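See structure below.
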Amino acid sequence: MNEFETLTHIIPKVGSVSRIFSNIAAGRGISKEDVKILVEFRDTLPNVTTVEHEVVSAVLSLSHKKVSFMLNSLSLGLKNVIDTYKTYHILLDDIKLSQLWDYDFRCVDSRLEEQLHKLREIDKEVIEASNSYEMTPFNGMPPNEISVVERRYNKLKAEYDKEKVRLSAINEERKTIINIMSSIGTDIFECVSLKCSELLSVVEKYVVSDSHKEPDEKKEEPETISFFPLSLIADIYEVCNGVQFSETDSIEFFYAINLHPNSPPIQINNGEKVRVCYLINRLADTLESPQREQWLNGILANLDIKTSFYRSKYRQPISDMPSKSNKIFADALREIFDK
């Protein structure tokens, strides 16, 4: 288990929440998956005492640079959520998020009514067949005809039982949608913002500004640049960790992709170098010159990928006839980068 599991889980979650708030403010809307992320964040965020205990442990155990970067990244995401809510709270609070499930609810209600009608019709036939079967001892019907009546009754009864199971499944689906809609509440954006404010009050106590360092200490440390935002790298980490790259924690992964000094490079798993080249290309395309060239040269060197190999292979996952694994990977990245 990660020694700082709470922090390494909170940081990408805050990044996702920050992205959702920013997307709404920019007019890009919100998806069902985004709503589920907000509900989970609101309902499962650890209490401030737990978070503060882990922050203190990190401050005491980790290097100043690592703690500073971790807490500053977290602080930045929290502030974005809080500031976005302050600026756009009227817009955010006016969004009826449960309406995202209105179409699903109407569909399941329609299916439920159809299934009820179907069951009622079969039930009538079952009752008729049951009555006929019960009268066979008294109407002098020959054994072969009794067998026909019995088979018809059993067939209708089995069909009724099967359709009743389908009715139960539709009812469960309807109940799930109702639970989702009711779990959202009417003030989720305000609640999430308040949660972020509580968390920020803890984090800011331990954020060490570079301006508080001694002048000589500042000179010794090279300037660091974050090429990519935490929210983007968190999404990539979910796809690539343990698959394209060897298992590592999310903070180390963020450091490695952003080429932070003294960060050990992540290791490419066997057979994944071509897909990593495609990932590198997608990331590089988000940068402008000269940062693009600076980062591209640095990441290729860190991952021990020759420039000639990169240039010849990075388009394979989106070639005219990609392999199944390449297509799956390219589609996963497309979902991330096209948000």
Side-chain angles (χ1 to χ4, degrees), residues 1-19 41 45-83 195-238 240-241 245-267 283 287 290-291 294-295 297-299 301-303:
M1 182 179 292
N2 193 317
E3 186 181 359
F4 303 106
E5 188 172 14
T6 301
L7 283 178
T8 54
H9 276 70
I10 285 177
I11 290 174
K13 288 181 184 297
V14 169
S16 296
V17 170
S18 176
R19 171 186 57 79
F41 183 85
L45 191 70
N47 62 58
V48 292
T49 303
T50 300
V51 175
E52 183 159 18
H53 175 77
E54 193 155 304
V55 169
V56 171
S57 297
V59 169
L60 295 176
S61 306
L62 303 178
S63 67
H64 163 78
K65 183 182 294 183
K66 187 167 185 175
V67 173
S68 179
F69 186 80
M70 182 189 298
L71 298 186
N72 275 294
S73 298
L74 183 54
S75 175
L76 185 64
L78 293 169
K79 286 178 179 177
N80 183 60
V81 172
I82 296 163
D83 291 343
K195 291 276 187 181
C196 288
S197 295
E198 292 174 3
L199 190 54
L200 183 62
S201 66
V202 171
V203 172
E204 284 197 319
K205 290 193 291 185
Y206 301 94
V207 171
V208 180
S209 171
D210 285 342
S211 62
H212 295 157
K213 298 181 185 178
E214 294 297 324
D216 291 343
E217 185 182 355
K218 288 175 69 175
K219 289 178 183 177
E220 289 174 3
E221 294 188 6
E223 180 183 2
T224 58
I225 300 173
S226 288
F227 294 94
F228 309 103
L230 184 62
S231 57
L232 173 61
I233 302 305
D235 288 341
I236 292 171
Y237 175 82
E238 290 298 318
C240 298
N241 185 48
F245 300 100
S246 58
E247 290 277 355
T248 185
D249 71 64
S250 56
I251 300 301
E252 291 291 350
F253 187 79
F254 183 83
Y255 288 154
I257 296 297
N258 274 289
L259 304 180
H260 282 277
N262 304 320
S263 174
I266 44 181
Q267 301 298 316
L283 284 166
L287 302 174
Q291 279 195 343
Q294 178 187 351
W295 178 79
N297 291 333
I299 198 69
N302 280 7
L303 294 176

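All heavy atoms count here, side chains included; hydrogens, waters and symmetry mates do not. Predicted model only: the values in this text are computed from it and were never measured.
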(message) Can a donor-acceptor pair be found, under 3.5 Å and without considering hydrogens, that links the side chain of Tyr255 to the backbone of Lys66?
(response) yes
(message) Does any part of the side chain of Leu303, heavy atoms only, come nearer than 4.5 Å to the side chain of Ile266, both counted from C-beta?
(response) yes
(message) As an exercise, state the distance from NZ of Lys79 to CG of Asn72, rounded to the nearest 0.5 Å.
(response) 8.0 Å
(request) State the CG-CD1 distance between Leu78 and Ile10, to the nearest 0.5 angstrom. (result) 8.5 Å
(request) Show your working on side-chain contact (heavy atoms from CB on, under 4.5 Å) between Phe228 and Leu287 and close with a plain yes or no. (result) CA-CA 9 Å; Phe228 309 103; Leu287 302 174; 3.7 Å; yes
(message) Please check this pair: side chain of Ser75 against backbone of Leu71, looking for a donor-acceptor N/O pair closer than 3.5 Å.
(response) no
(message) Using side-chain contact (heavy atoms from CB on, under 4.5 Å), reason through Leu283 and Ile299 one step at a time and then give a plain yes or no.
(response) CA-CA 11 Å; Leu283 284 166; Ile299 198 69; over 6 Å; no
(request) Indicate yes or no for a side-chain donor-acceptor contact from Glu52 to the backbone of Val202 under 3.5 Å, with no hydrogens or angles considered. (result) no
(message) To the nearest 0.5 Å, what is the distance between SG on Cys240 and CG on Asp235?
(response) 10.5 Å
(request) Nearest 0.5 Å please: distance from the OG1 atom of Thr49 over to the CD atom of Glu54. (result) 13.0 Å
(message) For a quick test of reading the model, state the closest non-hydrogen atom pair linking Ile11 to Met70 and the distance between them.
(response) CD1-CG, 3.2 Å
(request) Indicate the atoms forming the closest heavy-atom contact of Ser16 with Ser231, along with that distance. (result) N-CB, 4.4 Å
(request) Over all heavy atoms of both residues, which pair between Asn80 and Ser18 is shortest? Give the atoms and the distance, please. (result) ND2-OG, 2.5 Å
(request) State whether a side-chain donor-acceptor pair under 3.5 Å links Asn47 with Thr50. (result) yes
(message) Walk me through whether Leu76 and Val14 qualify under side-chain contact (heavy atoms from CB on, under 4.5 Å).
(response) CA-CA 9 Å; Leu76 185 64; Val14 169; over 6 Å; no
(request) Report yes if the side chains of Ile236 and Phe253 come closer than 4.5 Å at any heavy-atom pair, otherwise no. (result) yes
(request) Mind checking the CD-OG spacing from Glu238 to Ser250? Nearest 0.5 Å is all I need. (result) 8.5 Å
(request) Look up atom OG in Ser57 and atom CG in Leu7, then write down how far apart they are to the nearest 0.5 Å. (result) 9.0 Å
(request) Compare all side-chain heavy atoms of Val51 with those of Leu45 and state whether any distance is below 4.5 angstrom. (result) no
(request) On the 0 to 90° scale, with breaks at 30° and 60°, tag the His260-Phe254 ring pair as parallel, tilted or perpendicular. (result) parallel
(message) Tell me whether Asn241 contacts the main-chain N or O of Thr248 through its side chain, where contact means a donor paired with an acceptor under 3.5 Å.
(response) yes
(message) For Lys13 versus Phe41, what's the shortest heavy-atom pair and its separation?
(response) CB-CD1, 4.3 Å
(request) Please examine the side chains of Leu200 and Ile82, heavy atoms only from C-beta on, and report whether any two atoms are closer than 4.5 Å. (result) yes
